[in-house]
Amino acid sequence: MDKIKLENVYLEYNDEGNERYSALEDVNFSVKEGEFISIIGSSGCGKSTTLSILSGLRQPTQGKIYIDGEESVGTGKNRGVVFQHYSLFPWMTAKKNVSFGIKQVNGDLSKKEYNKKAEEFLEAVGLEGFENKYPFQLSGGMQQRVAIARTLAMGPEIMLMDEPFGAVDAKNRADLQDMLLELLEDQDQKKTIVMVTHDIDEAILLSDRILFMDNKKIKEEIEVNLERPRRRQDIFGTDTYRELHHKVMMLFYSNVSEKIGDEGGII
Amino acid sequence: MKKLRETLSYILPNLFFVLLVISIFLPAKVEIENRYVFLIVVIALEINLLVKIKKQSSRDIGTVLFLFLLVWEFVTTKFETNNTMLYPVPERVFNVFVTDAHKVIEGIFSSLYLLFLGFLIALILGVGLGLLVGWFDRLKKAVYPIAQVISPIPPIIYMPYAVALLPSFDVARVFVVACAIFWPTFINTVLSVGSIDKKLLDSARTLNVSSWTLLVNILLPYSVPGIIHGVTLSVGASFMVLTGAEMLGSTSGLGWFVKYYSDFSDYTRVVSGIIMIGIVVTVINKGIGWVSKKLVKWK
Ligand SMILES: Nc1ncnc2c1ncn2[C@@H]1O[C@H](COP(=O)(O)OP(=O)(O)OP(=O)(O)O)[C@@H](O)[C@H]1O
Ligand SMILES: [Mg+2]
């Protein structure tokens with residue numbers, strides 16, 4: 001059975017006073033249990049919108065979303081979200097942010113246990129010594145790591161991540177990807193992950209499948225048949241890797257030329 | 001040129017201090033019972049200045065303050081023609097804190113007690129209702145416009161009516177003080193809640209927080225800086241209201257002290273009372289600043 005399934009999902013933004021805007025049209029895809037999928041596509045094509053539907057923050061205007069075979073409405077404890085923009089609470093220290101998250105799913109631990117667990121997960125993302133810093137005292141990459149630690153610490157079955165490393169420099173980004181690879185292999189029960197990214201390398205390195213999205217729809221699904229555990233130095237430069245990279249690049253380009261072709265037709 | 005100005009800013013406050021001390025010891029043409037209380041105050045100010053002498057603003061404040069005290073002292077004590085009833089002598093004004101210590105202290109405590117009760121009630125109600133009204137959009141649209149009409153009305157105006165309605169003068173006083181703090185607190189809480197970043201709310205929703213947690217652990221801490229801002233602005237107003245309210249049917253309090261001696265044209269004590277009010281308000285403001293620093297470490 002599929003862990004997640006989106007069926008004919010449409011979404012119209014209908015914010016007060018504004019005109020209706022259709023952001024998703026007939027989106028269909030499913031994710032198997034333990035699978036890591038990346039959604040890739042040009043800016044504004046509806047990636048974040050898709051994730052907001054998966055997280056339950058928005059309801060589809062039409063269509064349905066199933067989790068574990070059951071129709072899902074609203075947010076749930078089985079899903080954890082790492083947002084594109086830092087989503088830590090500014091009045092809580094790094095540790096407090098994480099333990100606050102744990103508390104919401106695990107109401108019956110003692111304060112000491114919360115703190116211990118929070119410290120463990122902060123250590124896992126390489127933030128030892130920063131437990132008592134407030135978000136404003138942390139760099140963007142560090143804040144994102146706290147957010148990842150919080151989501152991991154809550155132990156959801158499904159992790160939804162929207163460009164989790166978007167605002168991070170190349171070096172830090174590579175570190176965070178490696179960290180994520182490592183953490184995911186450590187987990188006894190493999191998590192189901194949907195990640196939005198703009199970075200083709202990142203998508204190939206991390207995922208089992210890449211969904212290429214364009215113009216409110218999923219246009220293409222690409223299997224990433226690289227063995228795990230993966231290490232970037234082993235993968236980058238292999239033929240399979242180069243083929244995959246080329247394939248995704250071509251999707252971007254063909255879509256660009258299609259669009260230019262369309263406009264040419266109008267003239 | 002810059003160097004000269006700098007040096008001058010170090011010399012001037014100390015020069016005025018020395019002149020002031022000399023002036024205090026020069027023979028006065030009016031009767032002075034005890035010049036030492038004033039002297040101690042002046043020396044205390046000088047010590048405070050010397051501690052903070054590195055700060056330019058401290059030196060400037062010292063200059064203005066000592067010059068003012070010097071002129072006040074000199075003009076009121078060195079001329080026989082001075083009408084000391086209308087133009088009180090600083091030595092006598094400060095001596096009141098010793099001779100009338102009992103009344104002054106009682107006044108401070110009585111005022112602070114009423115103020116404290118008023119604050120407590122206003123903060124609990126203002127923050128509690130502010131969070132609710134700020135969160136429920138429909139409630140906000142109904143209540144906020146009404147609040148904007150009522151809040152600018154000076155609360156002291158309710159005093160006579162409150163006296164008639166409520167069981168005692170003191171309850172009425174607490175009521176008007178609470179009014180003075182309630183509205184700014186309430187309005188600032190509502191505005192803070194309304195201004196919370198949607199991303200933070202989404203973040204909270206994906207953590208599946210309960211409504212209570214949302215109110216207490218998200219909206220409240222987020223609003224604290226705004227609430228404190230409102231409180232800081234209303235401390236002065238609340239004291240104004242309180243001193244005003246003490247002028248009606250009271251037997252203690254700083255406002256009463258000033259009003260009572262005004263009726264006897266004892267302006268020396270009136271000025272003492274006014275200075276005391278200034279000191280108390282300053283201490284309260286410092287206290288709030290301190291609490292705010294402790295509470296808001298995240299900005
Ligand atoms: N709250 C909203 N109200 C109205 N329209 C919206 C809203 N949020 C997004 N949109 C529109 O929906 C479309 C898809 O937005 P979305 O945020 O899903 O894009 P995205 O693929 O995540 O882009 P990016 O890569 O830049 O993050 C965009 O055209 C955007 O203008
Ligand atoms: Mg996006």
Side-chain angles (χ1 to χ4, degrees), chain A residues 15-16 48-49 51-59 72-94 96-107 132-138 143-144 146-147 150-151 153-156 158-162, chain B residues 123 127 130-131 134-142 144-145 188-189 191-231 288-299:
Chain A
D15 296 340
E16 241 178 286
S48 294
T49 309
L51 225 59
S52 73
I53 285 191
L54 289 173
S55 66
L57 286 173
R58 285 186 186 275
Q59 287 309 120
S72 161
V73 178
T75 58
K77 293 188 177 169
N78 51 0
R79 281 157 289 165
V81 185
V82 176
F83 288 91
Q84 182 170 0
H85 305 283
Y86 314 129
S87 52
L88 301 177
F89 300 115
W91 54 88
M92 296 181 190
T93 61
K96 192 79 212 301
N97 261 290
V98 177
S99 64
F100 180 76
I102 303 171
K103 210 176 204 163
Q104 305 316 311
V105 287
N106 231 329
N132 294 318
K133 296 259 187 268
Y134 287 90
F136 82 97
Q137 297 166 309
L138 299 172
Q143 291 186 43
Q144 211 56 325
V146 178
R150 178 171 71 185
T151 309
M154 293 170 70
I158 301 170
M159 272 179 82
L160 307 166
M161 299 191 282
D162 196 348
Chain B
L123 279 180
V127 172
L131 287 176
W135 181 240
F136 293 104
D137 211 44
R138 200 162 152 199
L139 203 56
K140 180 169 160 183
K141 282 189 181 129
Y144 192 67
N188 272 295
T189 311
L191 289 179
S192 289
V193 171
S195 76
I196 191 167
D197 194 340
K198 215 185 137 289
K199 286 181 209 133
L200 289 181
L201 290 180
D202 277 351
S203 182
R205 280 174 64 199
T206 58
L207 296 182
N208 296 294
V209 299
S210 64
S211 310
W212 175 253
T213 308
L214 182 74
L215 227 54
V216 173
N217 289 327
I218 310 288
L219 296 178
L220 178 62
Y222 176 81
S223 308
V224 164
I227 294 169
I228 289 178
H229 180 70
V231 168
I288 291 175
W290 184 81
V291 169
S292 151
K293 254 203 192 131
K294 288 272 151 204
L295 278 180
V296 187
K297 288 185 192 148
W298 50 277
K299 281 220 155 158

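The figures here come from the full heavy-atom set of this structure, side chains too, leaving out hydrogens, waters and symmetry mates. Chain identifiers are assigned alphabetically (A, B, ...) following the order of the sequence lines, protein sequences preceding nucleic acid strands; residue numbering begins at 1 within each chain.
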With side-chain contact (heavy atoms from CB on, under 4.5 Å) as the test, would you mind laying out the steps for A/Gln104 and B/Val209 before giving the verdict?
CA-CA 6 Å; A/Gln104 305 316 311; B/Val209 299; 3.7 Å; yes
Donor-acceptor pairs under 3.5 Å, side chain of residues 197-205 of chain B to any protein atom, not counting sequence neighbours: which ones?
unit_1, atom_1, unit_2, atom_2, d
B/Asp197, OD1, B/Lys199, N, 3.1
B/Lys198, NZ, B/Asp202, OD2, 3.2
B/Ser203, OG, A/Ser87, O, 2.9
B/Ser203, OG, A/Arg150, NH2, 3.1
B/Arg205, NH2, A/Leu57, O, 3.2

Within residues 216-229 of chain B, the residues sitting under 4.5 Å from chain A by heavy atom, in sequence order, are B/Asn217, B/Ile218, B/Pro221, B/Tyr222
Partner set under side-chain contact (heavy atoms from CB on, under 4.5 Å) for B/Phe136, not counting sequence neighbours:
B/Leu132, B/Leu139
Under 4.5 Å heavy-atom distance to chain B, tell me which part of A/Leu160 shows up: side chain, backbone, both or neither.
neither
Interface residues of residues 289-299 of chain B facing chain A - non-hydrogen atoms under 4.5 Å apart:
B/Lys297, B/Trp298, B/Lys299
At a heavy-atom distance under 4.5 Å, which candidate from A/Gly76, A/Ser55, A/Gly56, A/Gly101 has the highest pair count against chain B?
A/Gly76
